[in-house]
Each structure stands twice: as structure tokens, then as C-alpha cells.
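Contents: one structure, followed by commentary.
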There are 2 protein chains.
Amino acid sequence: MKISAQEEYGLRCLVQLASAGEGESLTLPQIAEREGISQSNAGKLMWLLSKAGFVNATRGTKGGYSLARPAEEILLSEVVKVLDDDEIEGHCNSYTGVMDSCVHTGDCGIRSVIVGLHEIVQNALSNVTLSQLVGTEKKVDERFHRIQGLSGGVASTER
Amino acid sequence: MKISAQEEYGLRCLVQLASAGEGESLTLPQIAEREGISQSNAGKLMWLLSKAGFVNATRGTKGGYSLARPAEEILLSEVVKVLDDDEIEGHCNSYTGVMDSCVHTGDCGIRSVIVGLHEIVQNALSNVTLSQLVGTEKKVDERFHRIQGLSGGVASTER
DNA sequence: TCAAATCTTTACTTTTCAGTCAAGATTACA
DNA sequence: TGTAATCTTGACTGAAAAGTAAAGATTTGA
């Protein structure tokens, strides 16, 4: 259960845009430099995010990327869904071992856990907006835990 | 944010052992057949689980694998941690882009989310034992949601 | 119109993850 | 003791993910 490179970097690029401020735009070279990734890589990520409607891209001199919606309205759950190819739908067709279809046809205790887990993660992420990731680590950390705490207290019960 | 093949199949193999009953053992060919995976693959997974102390392996005729601890005491969070190489510790050293270390040194809003997310998942999984995955899908599904519901209600608030 | 800056798209390379194979080691039992 | 059944281990192969490169398209402004 880990976050993919695409999810991590994609999210970070969006945070850069949100940090730049309402309506402000950043170019590919700027984004690449600020996140310490190659311009090619940033280009691919921004293209995905643009295709998904999170950012507007304008070409030419004075071009760049800007958020298509206010950072306050962009939920992390939406972002992750796009950057991760939303695989849960076809889960039972993807881990089939050597068979054509999953051996647990029709009755499968594992499936509940996999799907349930996915729900939990999506739910947690749907309580966080992009704008809440802007700021110092301390501030963000406090915000994040408070949000999760209010909506269930799961994150704060252990360790 | 997805589950890896190793996590999925490893968990499924453990559930098979748990289903076999207290103290009962299964051989590699049996496990492979029941989960629809190759014997080679099952061998590798069971080796991992054995090394991690979840199962006892005995060689020779009449050999096989059996749970090293009661299924009631094995938490999913432990299992996933082993099958997933427990990557969260070194997170900041793994997604460094083209740099030697993460550009967000010292102050990083993203880190809170990544670590926080990991906490949420681990926490959810630490509320489920292996024994609770044994049974029909309907039963397991009910159990799973009830457990998550009690410990925070996260899983049941949406859709 | 032309050149520079910028995003877009496809193809390619590299790296990581999954899965397989084969030889080896151990045990039970006749 | 010997054979069959079983787990163990490391090397190998194939597939998927990550990242790079290069040529193309669009816009601005002189």
C-alpha cells in the first residue's frame, strides 16, 4: 500500500501552483526547478493534470500553468484518483494469478478488505483540500491531523 | 495508492492457512492450487511470510506450512508491513527527483500528508485480524465495516 | 512575418516489480 | 540407507512503471 511516484510528484506540482497564489501561473521550467524534477517529467505530469481539468495550460510566451479551480475546492481524493488510474473498479480482473479470472469467484473475503481499504483512504483524502497543504510543515501537519481527528479520530489514536 | 501483488497474494495465502483451522498445515502445491497462482510464486511468498515469523515451515514428507500464531492474534497491519517492505521510514530519501535529496528539506507540507495517510491505513488495518477474514464475503464485509465503523466511522460515511 | 517562449505528444530507455526456474537441503518412512 | 515429498535459495526472464528525448504546435510581441 504505497503512493506512486506519479501521485507524489503530481500532488507536489499542484501545491506549487496553489502556493503561487490565486490566478498566478508557473512555467514548466519553474515547476521543474522548484520540485527538483526534470522538465520532461514535469511536462508529463502537468499534461495529465491539465487533461483532468485541474489546471489550465496556455502556450506561447507568457504562457504557463495555473489552477483551473480555487485551491479550496480541489480535494485530494480527486487528484489521487486521476494520478493513480483509479484501479479499484477492475480489481478482481487484475490479480488473477495464472487463471483467467480470480479463483474466488462470487465469494471472496479478501475483496471486502481491499475495497474497504480503498474506501478508507479515499474518504480520508476527501476531507483535505489543496489549499490546506500550503504552508509550513508544522502548520500543515496540525491541520491534517485535526481534520482527520474530527472526521473519525483514526489518525490520532495510535503512537 | 494501491495494494501490491505481493500484499494481495500474501494475504490470501495466510487466509487459506487460517481457513484450514488451528494447527492445520497446507503444502505449497495445495496453497498454489487454492489461490490459483503458480507453485513457484507461492513458494516465494510463503518464504517471506516464514522469514517474518507468521508461519512455520516444516520440510520433508508430511511437511507444509502452518500459522505460527493464532489467527486471532495476527493483525493485518503487521502482515502488510512485511509484504510491502515498510517503505515509509525512508520516504524522504526515495522520491528525490533528480536531486540527491528531497528539495523540501526541513519544511515540507506534503510529507505530513504522506505520513498521515500511511498512519490512517495502518490504523485501519490494525483493527482487523486474520481470523476475521475467514468466511463468506457477506460475513466478512459486514465484519469489516462494523469494525471500521466503531473505530471512527470513516469507512461508512460516504456513498 | 518571424523568432522566441511555451505547452503537447509520441516514442524510447531505464529501472523496478513480478513471476519462473532449477538446483539444493531437509525430513519421513519403508 | 535410500527414495519421495517437501521447503529453500539465488539466478534468470518478462512485464510494468518511471523517466527522458525529440519533434511538433501555439502564442506573443517585435
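Given the structure is predicted, the values throughout are model-derived calculations rather than measurements. Sequence lines set the chain letters: A, B, ... in the order given, protein chains first and strands last, and positions in each chain run from 1.
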message = Determine whether a donor-acceptor pair (N or O, by modelled atom type, separation under 3.5 Å) exists between the side chain of A:Glu7 and the backbone of B:Met1.
response =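 Confirmed, A:Glu7 side chain pairs with B:Met1 backbone.
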- Item | Donor-acceptor contact present, side-chain B:Tyr9 to main-chain A:Gly97, <3.5 Å |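 Looks like yes, one N/O pair under 3.5 Å.
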Margin query: Does D:dT20 have OP1 or OP2 under 4.0 Å away from a side-chain N or O of A:Ser38?
Written below: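 Result: yes.
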Exactly one candidate in B:Asn127, B:Leu14, B:Val128 meets side chain to side chain contact (heavy atoms under 4.5 Å, CB included) with B:Leu76; the answer is B:Val128
Find the distance [X]:[atom1] to [N]:[atom2] and express it as a whole number of Å.
X       : N      : atom1 : atom2 : answer
B:Gln30 : D:dA5  : CD    : P     : 14 Å
B:Leu45 : C:dT20 : CG    : P     : 11 Å
B:Lys2  : C:dA18 : NZ    : C1'   : 14 Å
A:Asn41 : C:dT13 : CG    : P     : 18 Å
B:Leu17 : D:dC7  : CG    : P     : 11 Å
B:Tyr9  : C:dC17 : OH    : P     : 17 Å
B:Glu8  : C:dC17 : CD    : P     : 18 Å
B:Ile31 : D:dT8  : CD1   : C1'   : 14 Å

Note to self: Quick one, B:Ser131 with B:Thr129, criterion side-chain hydrogen bond (donor to acceptor under 3.5 Å, both in side chains). Give me CA distance, side-chain angles, the key distance, then yes/no.
What the structure shows: CA-CA 5 Å; B:Ser131 61; B:Thr129 68; 2.9 Å; yes
Reading nucleotides 3-12 of chain C from 5' to 3' and marking B where a protein heavy atom lies under 4.0 Å of the base, S where only the sugar-phosphate is that close, and - otherwise, the string is -BBBBBS---
With sequence neighbours left out, the residues meeting side-chain contact (heavy atoms from CB on, under 4.5 Å) with A:Ala20 are A:Glu24, A:Leu26
Hey, any chance A:Val82 and A:Ile31 share a hydrophobic cluster, counting ILVMFWY side chains that come within less than 4.5 Å of each other, even indirectly?
yes
